[in-house]
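Below is one structure, written out as structure tokens; comments come after it.
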Amino acid sequence: MKRSAPTLGKDLTGLESLSPEQIRVILDTAEPFKEVSERQIKKVPVLRGKTIVNLFFEASTRTRISFEFAEKRLAADTVNIGAVGSSVSKGETLVDTARNLEAMRIDMVVIRHWSAGAAHFLASRIPSNVINAGDGAHEHPTQGLLDMLTLRDHFGRIEGLKVCIVGDVLHSRVARSNIYGLVALGAKVAVCAPRTLLPAGIEELGVRVFGRVEQAIEWSDALNVLRLQLERMQDGFVPSLREYNRVFGITRERLEWAPREMLILHPGPMNRGVEIDSDVADGPHSVILRQVTNGVAVRMAVLYLLTGDAPDLAEMARSGGAGRA
């Protein structure tokens with residue numbers, strides 16, 4: 001039996017425009033893909049014959065590799081293109097690059113770009129599916145989704161959870177996707193950072209603001225700790241990294257004062273000893289490595305759902321399709 005029409009539409013450019021039902025469908029679809037990744041043969045050939053281009057104009061390790069794993073586990077053909085060494089470095093525009101790829105009959109583009117809105121811009125100009133792997137300081141939808149899946153795995157729910165995003169919210173696309181998704185699913189969301197690292201009007205997104213990390217720890221069920229994005233900063237956002245750690249760093253000593261079990265997430269890469277101490281990142285509160293595992297499953301789910309003519313997943317699993325990939 002074939003699936004119905006794609007639930008997400010043609011593209012995934014952000015979570016702001018998704019309904020709670022669409023977000024839940026992605027999370028629910030990711031569950032069987034977690035099981036696929038535990039098999040000896042980690043493939044289901046639902047995207048066999050599809051060609052996916054990973055178009056990364058910004059440096060990336062975790063996201064790029066996670067998408068590559070997801071694509072290969074779905075048996076897609078993949079092509080990786082970066083800005084360095086491509087025609088973009090010679091002045092070719094994003095649309096020209098995409099149209100040339102289209103002429104090669106590709107099916108999907110995963111794009112990371114330094115400009116906010118780049119994924120939406122591309123999606124509006126080519127017929128292939130487009131997935132946003134991070135655009136400037138706008139959104140990083142699959143990271144937000146994998147964070148929500150990790151929270152749901154641990155707590156069994158998202159509605160009613162108190163989640164505080166701590167750190168460089170101003171420059172963070174991860175923060176925005178988390179806020180949009182968590183609020184849509186009924187979580188209570190807060191942010192905690194120096195005022196210099198908070199966007200103006202952040203409260204309008206439906207979040208609380210804490211000025212002290214101790215307040216955030218007392219209130220929260222989970223902390224999603226963001227790194228200081230030093231590459232996007234100019235002087236003046238924080239007095240020093242040492243001072244930031246002293247006032248806002250997530251340390252074992254601070255967590256000992258938490259009134260309830262506390263979960264610690266981090267999208268990576270981490271600045272150990274700045275926004276998070278090593279004994280927290282590697283300690284019992286941390287689910288950082290589980291986030292990495294869930295990232296592959298979530299990206300498999302998104303790739304699968306955007307491909308409207310892919311075969312039914314449950315049917316393939318019952319027929320043993322994974323073993324024949």
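Worth knowing before you read on, the calculation uses all heavy atoms, side chains too, and leaves out hydrogens, waters and symmetry mates.
- A pairwise comparison of heavy atoms in F155 and A222 identifies CE1-CB, 4.4 Å as the closest pair.
- Under a cut-off of 6.0 angstrom, the local environment of NZ in K34 is crowded, with over 12 non-hydrogen atoms contributed by other residues, nucleotides or ligands.
- L149 is not connected to L289 by any chain of hydrophobic side-chain contacts under 4.5 Å among Ile, Leu, Val, Met, Phe, Trp and Tyr, and they are in different clusters.
- The one candidate from V166, L226, I165 that meets the side chain to side chain contact (heavy atoms under 4.5 Å, CB included) condition with V191 is I165.
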- Task: Take H113 and E58 through the test side-chain contact (heavy atoms from CB on, under 4.5 Å) and record every step on the way to the result.
- Result: CA-CA 6 Å; H113 200 279; E58 279 191 320; over 6 Å; no
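- Of the possible donor and acceptor atoms, one in the side chain of R260 sits under 3.5 Å from a partner among the backbone N and O of E218.
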- Task: Under the side chain to side chain donor-acceptor pair (under 3.5 Å) rule, what do D96 and T93 come out as? Steps first, then yes or no, please.
- Result: CA-CA 5 Å; D96 285 336; T93 68; 3.1 Å; yes
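- For the atom pair T142 OG1 and L12 CG, the distance stands at 7.5 Å (nearest 0.5 Å).
- For H285 (side chain) and M262 (main-chain N/O), a donor-acceptor pair under 3.5 Å exists by modelled atom type.
- When the side chains of ILVMFWY residues are joined at heavy-atom separations under 4.5 Å, either directly or via intervening members, V110 and V292 end up in two distinct hydrophobic clusters.
- Residues H138 and S177 bring no donor and acceptor atom of their side chains to less than 3.5 Å of each other.
- Between the T307 side chain and the L303 main chain, a donor and an acceptor come within less than 3.5 Å of each other.
- A donor-acceptor pair under 3.5 Å is formed between the side chain of Q291 and the backbone N or O of H266.
- With hydrogens and angles disregarded, no donor-acceptor distance shorter than 3.5 Å links the side chain of E31 to the backbone of D28.
- Looking only at distances, no side-chain donor or acceptor of S115 sits under 3.5 Å from a matching main-chain atom of A118.
- One distance of note links SG of C164 with NZ of K162; it measures 11.5 Å at 0.5 Å rounding.
- If you chain together hydrophobic residues whose side chains sit under 4.5 Å apart, I288 and L223 fall into the same group.
- Counting non-hydrogen atoms of neighbouring residues, nucleotides and ligands closer than 6.0 angstrom, the CD atom of E159 reaches no more than 12 such neighbours.
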- Item | Stepwise side-chain contact (heavy atoms from CB on, under 4.5 Å) check, M300 with S37 | CA-CA 10 Å; M300 290 173 76; S37 294; 4.2 Å; yes
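- Surrounding CZ of R242 are at most 12 heavy atoms belonging to other residues, nucleotides or ligands under 6.0 Å away.
- More than 12 non-hydrogen atoms from other residues, nucleotides or ligands lie less than 6.0 angstrom from CD of E253.
- No donor-acceptor pair closer than 3.5 Å links the side chain of N54 to the backbone N or O of N80.
- Heavy-atom minimum distance, A216 versus F210: CA-CD1, 3.8 Å.
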- Query: Given the rule in the side-chain contact (heavy atoms from CB on, under 4.5 Å) test, do R227 and V274 qualify, once you have shown the distances and angles that lead to the verdict?
  - Reply: CA-CA 8 Å; R227 73 181 178 92; V274 180; over 6 Å; no
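- Hydrophobic clustering of Ile, Leu, Val, Met, Phe, Trp and Tyr side chains at less than 4.5 Å, counting indirect connections, unites V287 with L146.
- Between the R112 side chain and the L55 main chain, no donor and acceptor come within less than 3.5 Å of each other.
- Counting only distance, with no hydrogens or angles, the side chain of S286 and the backbone of A281 share a donor-acceptor pair below 3.5 Å.
- One distance of note links CE of M108 with OG1 of T78; it measures 12.5 Å at 0.5 Å rounding.
- For D277, the side chain to side chain donor-acceptor pair (under 3.5 Å) partners at least two apart in sequence or on another chain are N245.
- Taking OG of S60 as the reference point, atom CD1 of I65 lies at 8.0 Å (rounded to 0.5 Å).
- The OH atom of Y244 sits 10.0 Å away from the CG atom of N271 when rounded to the nearest 0.5 Å.
- Going from atom CD1 of I217 over to atom CZ of R212 covers 10.0 Å, rounded to the nearest 0.5 Å.
- Put simply, the side chain of N132 does not reach to within 4.5 Å of the side chain of H140, judged on heavy atoms.
- Under a cutoff of 6.0 Å and an axis angle of 45°, R299 and F67 form a cation-pi pair.
- The closest donor-acceptor contact from the side chain of D107 to the backbone of T51 lies under 3.5 Å.
- If you chain together hydrophobic residues whose side chains sit under 4.5 Å apart, I106 and F121 fall into the same group.
- Nearest approach of N129 to L306, heavy atoms of both residues: ND2-O, 3.3 Å.
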- Message: Run the side chain to side chain donor-acceptor pair (under 3.5 Å) test on R272 and S278 for me, step by step, so that the C-alpha distance in whole Å, both residues' side-chain angles and the decisive distance to 0.1 Å come before the verdict.
- Response: CA-CA 6 Å; R272 290 175 180 258; S278 288; 3.1 Å; yes
- Item | From CA spacing to verdict: side-chain contact (heavy atoms from CB on, under 4.5 Å), T150, H154 | CA-CA 6 Å; T150 304; H154 184 85; 6.0 Å; no
